[in-house]
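All remarks here apply to the structure that follows.
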Amino acid sequence: MITAQVILNNIESVNRFVAIMSEKPYDVDLGSGKYLVNAKSMMGVLSLDLTKPVTVNAETFDQAFLDEIKEYIVE
């Protein structure tokens, strides 16, 4: 599993992020506090508090995944 902190601070970044996640054949979740949503669901992602970083959990070990989302990753 790959885990990273990402920031999705505007609707355009949410749209692009969800589009990238929707192409993945494996499960990808976003978590914020006690909430966990499907990263492929626009409604789910928008239900999170996006004013701060959220945690992405991808059910893969493919490091190329991190390259695809590098613009969203918070160090």
Side-chain angles (χ1 to χ4, degrees):
M1 178 185 296
I2 292 178
T3 301
Q5 290 286 111
V6 296
I7 189 80
L8 304 170
N9 54 5
N10 59 48
I11 193 67
E12 290 84 21
S13 63
V14 171
N15 279 331
R16 287 191 316 265
F17 188 84
V18 170
I20 293 168
M21 297 304 107
S22 294
E23 297 172 355
K24 303 301 171 206
Y26 42 82
D27 289 338
V28 185
D29 297 318
L30 282 177
S32 177
K34 63 181 180 177
Y35 300 102
L36 187 67
V37 299
N38 183 343
K40 299 177 185 182
S41 165
M42 180 68 73
M43 293 299 288
V45 174
L46 290 174
S47 72
L48 297 175
D49 179 4
L50 300 176
T51 62
K52 49 191 167 192
V54 294
T55 304
V56 60
N57 297 308
E59 294 290 332
T60 184
F61 293 103
D62 184 2
Q63 292 300 313
F65 175 80
L66 292 174
D67 291 336
E68 290 185 69
I69 65 166
K70 66 183 172 191
E71 68 181 282
Y72 307 105
I73 295 177
V74 177
E75 298 297 323

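Remember, it's a predicted structure, so these values are computed and weren't measured experimentally.
- Using a 4.5 Å heavy-atom threshold, the side chains of L30 and L8 count as touching.
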What donor-acceptor contacts under 3.5 angstrom involve side-chain atoms of residues 20-27, with partners at least two apart or in another chain?
residue, atom, partner, partner atom, Å
S22, OG, V18, O, 2.8
K24, NZ, E68, OE1, 2.8
K24, NZ, E68, OE2, 2.7

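- The two residues L66 and A4 make their nearest non-hydrogen contact at CD2-CB, 4.3 Å.
- The side-chain heavy atoms of V54 and V6, taken from C-beta on, include a pair separated by under 4.5 Å.
- Here K70 contributes atom NZ and Y72 contributes atom OH; the two are 12.0 Å apart, rounded to the nearest 0.5 Å.
- Once rounded to the nearest 0.5 Å, the distance linking CD of E59 with CG of D29 reads 7.0 Å.
- Residues passing the side chain to side chain donor-acceptor pair (under 3.5 Å) test with Q5 are T55, sequence neighbours excluded.
- Between V28 and T60, every side-chain heavy-atom pair lies at or beyond the 4.5 Å cut-off.
- Closest approach of Y35 to L48, counting heavy atoms only: CB-CD2, 3.9 Å.
- Under the 4.5 Å side-chain heavy-atom criterion for ILVMFWY residues, no single connected hydrophobic cluster contains both I7 and M42.
- Contacts of D62 classified as side chain to side chain donor-acceptor pair (under 3.5 Å), with partners at least two apart in sequence or in another chain: none.
- Side-chain contact between K40 and V45: absent, with no pair of heavy atoms (C-beta onward) separated by less than 4.5 Å.
- Applying the salt bridge (Lys or Arg N to Asp or Glu O under 4.0 Å) test to E71 and every residue at least two apart in sequence or in another chain returns R16.
- The hydrophobic cluster containing M43, built from Ile/Leu/Val/Met/Phe/Trp/Tyr side-chain heavy atoms closer than 4.5 Å, comprises no other residue.
- When the salt bridge (Lys or Arg N to Asp or Glu O under 4.0 Å) test is applied to D49, the partners found at least two apart in sequence or on another chain are K52.
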